[in-house]
Amino acid sequence: MTIKVFKTKEELYSEVYEYYLKRLNKQPNITLGLATGSTPIPLYEKLINGYNEKKVSFKEVTTFNLDEYVGIDSGHEQSYIRFMKEKLFGHVDININNCFIPSGENEKLEESRIRYQELLNNHTIDLQLLGIGSNGHIGFNEPGTPFDSKVHIIELDEKTRIDNSRLFNSLDEVPTHAITMGIKDIMNAKEIIVIATGENKADAVFGMIEGPIDTDLPASILQKHPNVVIYLDEDAASKLSKERK
Ligand code: GLP
């Protein structure tokens, strides 16, 4: 694991952005693993600016998103498909037919799970972007999820629902389940970038980097991945031992 700690979020996101520019220009047909949540938004904004400034193109890029809520309409404000269109896909020259997100429609869940797994089995993610939940989840792989898990439906932790309720009108509106790439699918990516900012991520970040590798903290498995770079601000890094900072 490579750990990078930044004084400001601006410095952090600028460095991640520069790295994406380099990777996308080196490999225009790259397969990206994408994340939702608040964490990737500044990166997506920079990538949109980069596209507008003709520094990067997404024409040949394929993307796979980590997860989607179950039982949420694709037009719902908080659906991840809508999020991705609003925050990235709708603003760049990506071919939307090459952008994959599992469907969380109630009626077709099993079909959706099988289809997404087949797609992932047939593609290799070159560069996976991850945020981390305050309970250490990656994607929606909540504590207790086996490390060999593949695409599955999961019941969301109360903590996750409370964290994400800030984006809904009330806690009751937050879906109880999600469909997510499994931990094994995430670990299959050739390269992984994790971004975490803010004090409420500090415990999860400590567990991911210095804790035992344990399903209680799903992100701890990343210690075993051969190519992970973790970008932190000082608050998220605040619980790490001194030599890590
Ligand atoms: C979300 C997503 C994760 C994300 C995490 C943190 O619910 N399923 O992929 O990394 O929780 O979210 P945020 O970036 O908003 O803190």
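Counting starts at 1 for both ligands and their atoms, in listed order.
With salt bridges taken as basic N to acidic carboxylate O contacts below 4.0 Å, none links Asp148 and Lys184. Arg113 has a carboxylate O that lies under 4.0 Å from a charged side-chain N of Glu110, or vice versa, which qualifies the two as a salt bridge. Looking at Lys87 and Glu45, no side-chain N of the basic residue comes within less than 4.0 Å of a carboxylate O on the acidic one, giving no salt bridge. Ion pair Arg115/Glu118 not flagged as a salt bridge, since none of the NZ, NE, NH1 or NH2 atoms sits closer than 4.0 Å to an Asp/Glu carboxylate oxygen.
Atoms of ligand 1 found under 4.0 Å from any heavy atom of Phe140, numbered from 1 in the order shown, are 7 (O), 8 (N). Atoms of ligand 1 found under 4.0 Å from any heavy atom of Gly131, numbered from 1 in the order shown, are 10 (O).
Only the side chain of Tyr80 comes within contact range of ligand 1, with a heavy atom under 4.0 Å; no backbone atom does. Contacts of Ile132 with ligand 1, taken as heavy-atom pairs under 4.0 Å, involve the backbone alone. Within the 4.0 Å heavy-atom criterion, the part of Asn164 lying near ligand 1 is the side chain and not the backbone. Residue-level proximity to ligand 1 for Glu68 is absent, since no heavy atom of it falls below 4.0 angstrom.
Relative orientation of the Phe168 and His76 rings is tilted, given thresholds of 30° and 60° on the angle between their planes. Note on ring orientation: taking the six-membered ring where Trp is involved, the planes of Phe100 and Phe64 are parallel (angle under 30°, cut-offs 30° and 60°). Relative orientation of the Tyr80 and Phe140 rings is parallel, given thresholds of 30° and 60° on the angle between their planes.
Here the heavy atom of the protein found nearest to atom 4 (C) of ligand 1 is Thr36 O, 4.1 Å. For atom 16 (O) of ligand 1, the closest non-hydrogen atom on the protein side is Lys201 NZ, 2.6 Å. Looking at atom 12 (O) of ligand 1, its nearest protein heavy atom turns out to be Gly37 CA, 4.1 Å. Looking only at protein heavy atoms, the nearest one to atom 11 (O) of ligand 1 is His137 NE2, 3.0 Å. Of all protein heavy atoms, the one lying nearest to atom 14 (O) of ligand 1 is Thr39 OG1, 2.4 Å.
Where the criterion is an N or O separation shorter than 3.5 Å, residue side chain and backbone included, Asp67 meets it with respect to ligand 1. Distances between N or O atoms of Thr160 and those of ligand 1 include no value under 3.5 Å. Not a single N or O atom of Tyr69, backbone or side chain, sits closer than 3.5 Å to an N or O atom of ligand 1.
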**OP:** Could you go through the side chain to side chain donor-acceptor pair (under 3.5 Å) check for Glu11 and Thr8 one step at a time?
**Re:** CA-CA 5 Å; Glu11 286 170 73; Thr8 67; 3.0 Å; yes

Original post:
Does the pair Asn200 and Ser134 meet the rule for a side chain to side chain donor-acceptor pair (under 3.5 Å), with working shown?
Top reply: CA-CA 6 Å; Asn200 69 324; Ser134 64; 5.3 Å; no

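The residue among Gly139, Ala196, Ala204 with a heavy atom at the shortest distance from atom 9 (O) of ligand 1 is Gly139.
A donor-acceptor contact under 3.5 angstrom links the side chains of Gln117 and Asn121, judged on distance only.
Heavy atoms of Arg166 come nearer than 4.0 angstrom to ligand 1 in at least one pair. Note on ligand 1: Ala35 sits outside its first shell, no heavy atom being nearer than 4.0 Å.
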